[in-house]
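All heavy atoms count here, side chains included; hydrogens, waters and symmetry mates do not. A, B, ... follow the sequence lines: proteins, then strands. Residue 1 opens every chain.
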Amino acid sequence: MKLNESMRYPHPVLSDFSSDYVTGEFKCSFVQQMTGEGELKLTAELSLDSTDLRRLIENQQAATGYFVVCRRTYFNVLQPAPLGRSEKHFDGSRLFGAVTLRPAVWTLTPVHHFSSPLIHKEFGASVNLPKGAVIALGPEFRFSIDKKKFKPFESIFELAVGEGIEPGMVQVDPLRDRITILAEPKTHKDLADMRNMPAGRSILLSSVYLPAVMDVLALLQSGDTAATGMNWYRVFKAKCDDLGINPADRNGSPLMIAQKLLRAPLRKSIAVVGTM
Amino acid sequence: MVAQLKYLSDAALAQLKGAVISNVARYKADGFLEFADDPGWNIGLGVEYDEGLLGTLDRSTPRTVAAIDLANSRIVGKALANLSPTLANEERIWVRLSHIEAFDYTRERWIGQAGDEAVPKLVEAHFFASGQTKIRDDHALSRLWWNYQIARTCNPDDPDEALSLILKTADIRSNFVERIWMTSRRNIASAVLGLMKSEPWVTDAEKNFRIFMKSLNRLGGGIVFEVLDTNEINLFLKDCLSHARTLA
């Protein structure tokens, strides 16, 4: 039930891999990008150089689009998309590893006596196309979703006990495997307890993690590169790349960048207060 | 009882994998609970699960393994319902679960009374999960989660019924879950499940099911099932069934 180049169909299929049509082309290109909301944004550019197939589409007897397939997550969606440029979003939490895109044109109704002077003569004067038949196939596109980008941002942080810190205050040490937030034993325990409650986590985002990220950004913006060799930096940089942010750019506001990276944490704090 | 899922750091995972032989006694007895709060073992995922429900896994290994897997797949699927398919591909989450939260189940189900020499191989197969095949088919917990997830994908309205059809025999399960092109397309997958229910011949013998799936593969090539309605898909499946019967 796959769609691939080696398949043979009982009807003509316009593709680079068959000579069913004497001339004509189904050209496709894609640009993929992960959004700050964890969605995969696909920008497709589809063009069909075949008057006869375009006529089927205009008459709503056929449609264009592409399959989005991720074998690791059993994600398999046929995404209708018009000819020309289009933009679609997909849930990133349903994708992992290799993703393939297969553009196609398919029939929406049975088409009787379909004919075209450009169809290879072996198909005869006309053919019947059943409903749901692939009639044009574009080249397969592949890319990989970097799983590091999906690491929950909080996974790069660690709470740890730091002696000599005033109760109720924290310090940040970015020169460890994870960005380490240090607090004296009692405060550390309180923070750890809060982290295990959904409401507590929402409050910590604004009160502890947001300033911690700002501290890290200030360090990176100072030109000190010591932190870039730490394990957490790969995930941090990948998140920044997704959002088009250069964390070392001195013109960037640490407050604005930190809020973007943590997806406006104040919203979560407001929501928590709203439930009280 | 809701708790937060945890996972191991890359370093802790590598260390654990490298110490399977020296840890045989732990795998056969008390496990790894003392490491549960170590920083490398205790990274919060930000995803909650039903700790109480996970604790109800049936640890017995009776003759009808399929029946136990059925009940346990429901338990894992429901207890870890918040886990996304993306995260369910992450080995370190499953390794944490099989070594800490569900250690007793994993040990009793997969090690049992095995001798010391057999333990490392069993541990590698069922306590660790590198790569899609091991995650889907071998790891003690992840295979159960994926059973339920695939059933939920095929029939979101009644995943329990879908699960009981898919897990009827080990052979049916492997034929079903390995055909990702079919399994991941909801309308054809749910129609196949419907046929398995209405046409006993399809699952009466493992050979029948294999032949039917081959017919489906052969006749379904290039069909865009997404635009066909239920009746059209059912008619197509009848053709596949007739074709399969001629080959049986």
Tightest non-hydrogen contact, residues B/Gln132 and A/Arg71, listed as NE2-O, 2.9 Å
Heaviest contributor of heavy-atom pairs below 4.5 Å to chain B, chosen from A/Pro130, A/Pro80, A/Gly132, is A/Gly132
Is B/Thr86 reaching over with its side chain to a backbone N or O of A/Gly92, donor-acceptor style, under 3.5 angstrom?
yes
Could you check B/Glu226 against A/Trp106 for side-chain contact (heavy atoms from CB on, under 4.5 Å), going step by step and ending with a plain yes or no?
CA-CA 10 Å; B/Glu226 287 75 2; A/Trp106 59 90; over 6 Å; no
For atom NZ of A/Lys268, decide whether the heavy atoms of other residues, nucleotides or ligands shown that lie under 6.0 angstrom number more than 12.
no
The interface call for B/Leu219 against chain A, heavy-atom contacts under 4.5 Å, is neither
Separation between OH of A/Tyr74 and CZ of B/Arg136, rounded to the nearest 0.5 Å
4.0 Å
So CD1 of A/Ile156 and CD1 of B/Ile43: to nearest 0.5 Å the spacing works out to 11.5 Å
How close do A/Ser93 and B/Ser84 get, counting heavy atoms only, and between which atoms?
O-CB, 3.3 Å
Measuring heavy-atom distances to chain A, does B/Glu232 have an atom under 4.5 Å in its side chain, in its backbone, in both, or in neither?
side chain
Shortest non-hydrogen contact between B/Gln4 and A/Arg195, atoms and distance
NE2-O, 3.7 Å
With a 4.5 Å heavy-atom cut-off, do A/Leu78 and B/Phe225 have their side chains touching?
no
Determine, step by step, whether A/Asn76 and B/Ile180 satisfy the side-chain contact (heavy atoms from CB on, under 4.5 Å) criterion, reporting the C-alpha distance in whole Å, the side-chain angles of both residues, the deciding distance to 0.1 Å, and the verdict.
CA-CA 9 Å; A/Asn76 190 334; B/Ile180 295 173; over 6 Å; no
Measure the spacing between CG of B/Leu87 and OG1 of A/Thr73 and express it to the nearest 0.5 Å.
11.5 Å
Which atoms of B/Val177 approach chain A - backbone, side chain, both or neither, heavy atom under 4.5 Å:
both
Under 4.5 Å between any side-chain heavy atoms of A/Phe75 and B/Thr153, yes or no?
no
Taking every non-hydrogen atom, the tightest pair across A/Arg178 and B/Gly40:
NH2-N, 4.4 Å
Per-residue contact mode, A/Val77 against chain B (heavy atom under 4.5 angstrom):
neither
